[in-house]
Amino acid sequence: MNHAGKVIEGLMRAELDRYTAANPVSRRLADRAAEAFPGGVPLHWMRDWATPFPLFMAEAKGAELVDADGHRYTDFCLGDTGSMFGHSPEPVVRAVTDQIARGVTAMLPTEDGIAAAEALASRFGLPFWQVTTTATDANRFVLRWARAITGRSRILVFNGCYHGTVDDTFVRLVDGRPVHRPGLLGQVIDLTDHTRVVEFNDVAALEAALAPGDVACVLTEPALTNIGMVLPDEGFHAALRHLTRRHGTLLVIDETHSISTGPGGWTRAHGLEPDFLTLGKPIAGGIPCGVYGFTAAVESRMRHVQAGVPHGHSGMGTTLSANALAMRTLRVMLEEVMTDAAYAGMVALARHLARGLEAAIARHGLAWHVTQIGARVEFHFTPAPYRNGGEAAAAMRPELEQLVNLFLINRGVLIAPFHNMMLTSPATTEEQIARFLHAFDACAAALAGHA
Ligand SMILES: Cc1ncc(COP(=O)(O)O)c(C=O)c1O
């Protein structure tokens with residue numbers, strides 16, 4: 001190990017000790033949880049933090065979280081986007097409190113659902129909507145619809161994508177060849193038979209992959225946000241739309257993370273024209289809910305294809321989807337929380353955060369860079385932005401990511417345990433940003449010359 005590696009290892013040891021000493025209650029809970037949950041947590045992602053044992057949450061409100069030992073944290077992870085508009089916004093608390101006493105789920109529609117669909121239509125410019133329980137399901141059902149209405153079996157995704165646990169998308173490029181994503185468990189079908197994968201921003205590869213005319217849809221985020229942040233080149237989206245139209249391929253834009261851009265996501269901010277748009281995570285204030293919207297042309301093709309098959313289970317929909325509670329909270333989020341004014345504040349704060357990070361990085365001579373999509377900010381351990389998922393994956397520094405994550409937790413700040421992701425919410429304050437930048441500066445100072 002070189003000198004820099006030894007420095008990082010030494011810092012990590014000190015942070016692990018500091019965390020262990022500071023969190024005896026979390027430690028006791030972790031020991032107890034290990035008896036109940038394989039791996040010690042009810043969802044394995046909860047182990048992805050840099051902590052030696054999970055930090056147990058006691059409560060959270062706005063942009064603040066309190067752990068089981070009573071420490072207060074400024075929360076920039078915000079449930080990895082699930083609580084992007086702050087923990088338990090007041091309008092959601094009121095709506096849940098009221099609705100929970102008036103029926104949660106009945107397999108019947110409610111008026112709140114109509115209001116929510118109308119709000120989605122005016123926000124995203126797509127007339128028709130369906131509701132699911134998660135963003136994963138929204139993507140899964142859209143792939144099924146796209147195949148059904150085009151009669152084509154293949155889909156195309158970009159290298160480094162993540163769209164939830166949709167098996168079809170668990171394909172990566174390794175040395176230019178499509179393979180299953182490492183770590184994928186229990187999949188017995190060769191996903192590369194039906195999924196093409198090319199690098200983001202590679203228009204020539206995209207054109208070659210669409211040219212055979214057998215791709216039902218391209219599914220992509222407007223910018224990749226799950227492998228660091230990869231922004232589209234100037235003109236990439238225009239080329240993507242042009243090529244998909246030319247080859248009869250539908251375009252699905254997944255706004256689940258890029259809803260950080262503004263009230264209508266990246267789609268409205270940049271005038272994209274998707275056939276389908278999918279979204280989930282924060283849209284019902286943390287109550288499970290996903291949605292997908294589509295054009296009138298798609299709706300007409302759906303009706304046509306449905307008329308040609310016998311009545312039966314379509315393979316889409318789950319029992320709790322679109323329940324009365326989710327529809328109420330979705331409506332309230334769209335009407336009262338995800339407002340233009342809220343976005344203006346969040347995005348301005350994210351800009352301060354990004355500028356503050358850049359200043360600290362420069363002050364300590366680190367060759368890192370910062371990216372921002374509206375209220376979403378990341379710092380990366382390379383001097384220049386990535387152009388595609390392959391580049392981003394090659395630049396990952398897990399040991400450094402873990403150290404920074406734990407260093408910040410030990411100083412009262414939570415950022416996402418993946419690729420240094422931070423979100424500002426309508427509840428985030430300038431003081432919280434200043435507190436974060438203070439902790440980040442200390443971390444950058446410790447790493448100066450070694451990272
Ligand atoms: C872009 C994108 N789409 C969809 C999903 C799936 O969301 P969920 O896990 O809530 O189903 C994720 C999750 O991280 C995501 O990043």
Side-chain angles (χ1 to χ4, degrees), residues 62-63 74-87 89 119-120 122-126 135 161-163 200 220-234 236-237 253-274 277-286 291 293 333-334 336-358 369-380 385-386 392 414-416 418-430 432-433 436-437:
T74 300
D75 190 0
F76 291 97
C77 171
L78 293 170
D80 189 25
T81 312
S83 41
M84 183 185 137
F85 298 92
H87 294 285
L120 288 166
S122 70
R123 192 175 277 252
F124 294 104
L126 291 167
C161 73
Y162 184 69
H163 298 283
F200 199 69
T220 186
E221 293 186 90
L224 302 184
T225 67
N226 283 295
I227 183 116
M229 249 190 219
V230 181
L231 301 178
D233 287 349
E234 185 78 38
F236 179 66
H237 275 291
I253 295 289
D254 180 347
E255 288 275 10
T256 301
H257 279 181
S258 50
I259 191 65
S260 62
T261 313
W266 185 293
T267 292
R268 200 174 91 198
H270 297 271
L272 304 189
E273 295 176 3
L277 182 149
T278 60
L279 178 59
K281 289 203 184 186
I283 50 158
V291 295
M333 283 297 291
L334 292 165
E336 300 179 44
V337 180
M338 298 168 67
T339 60
D340 291 359
Y343 269 100
M346 291 154 69
V347 173
L349 281 177
R351 213 171 290 124
H352 290 183
L353 178 61
R355 294 299 87 81
L357 282 166
E358 282 168 351
H369 76 277
V370 176
T371 48
Q372 181 186 355
I373 300 177
R376 177 178 295 264
V377 175
E378 292 190 0
F379 52 94
H380 310 276
Y386 319 119
L414 298 179
I415 68 170
F418 321 106
H419 42 84
N420 313 318
M421 192 282 289
M422 290 157 287
L423 290 158
T424 51
S425 77
T428 307
T429 63
E430 288 284 5
Q432 289 173 323
I433 303 254
F436 164 78
L437 288 174

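Here the structure is a predicted model, which is why all the values come from computation and not from measurement.
A side chain to side chain contact (heavy atoms under 4.5 Å, CB included) with Asp254 is found for exactly one of Ile259, Thr278, Thr220, Leu277, namely Thr278. Results of the side chain to side chain contact (heavy atoms under 4.5 Å, CB included) test with Met229 over His369, His419, His380, His257 single out His380 as the only residue that passes.
Between the side chains of Thr428 and Ser425, at least one donor N or O sits under 3.5 Å from an acceptor N or O. In this structure, a donor-acceptor pair under 3.5 Å is present between the side chains of Thr81 and Arg376. Side-chain contact, Glu221 with Thr225: a donor N or O sits under 3.5 Å from an acceptor N or O.
Proximity of a side-chain donor or acceptor of Thr339 to a complementary backbone N or O of Glu336 within less than 3.5 Å is not detected. A side-chain donor-acceptor contact under 3.5 Å links Thr429 to the backbone of Gln432. A donor-acceptor pair under 3.5 Å links the side-chain atoms of Glu255 to the main chain of Trp266, judged by distance alone.
Judged as a ring-ring contact (aromatic ring centres under 6.0 Å, His included), and not counting sequence neighbours, the contacts of Phe236 are Phe158, Phe200.
Around atom CD of Glu430, more than 12 heavy atoms belonging to other residues, nucleotides or ligands sit under 6.0 Å away.
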**OP:** Please test Leu349 against Met346 for side chain to side chain contact (heavy atoms under 4.5 Å, CB included), starting from the C-alpha separation and ending with a verdict.
**Re:** CA-CA 5 Å; Leu349 281 177; Met346 291 154 69; 5.9 Å; no
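Two rings, from Phe85 and Tyr343, have their centers less than 6.0 Å apart.
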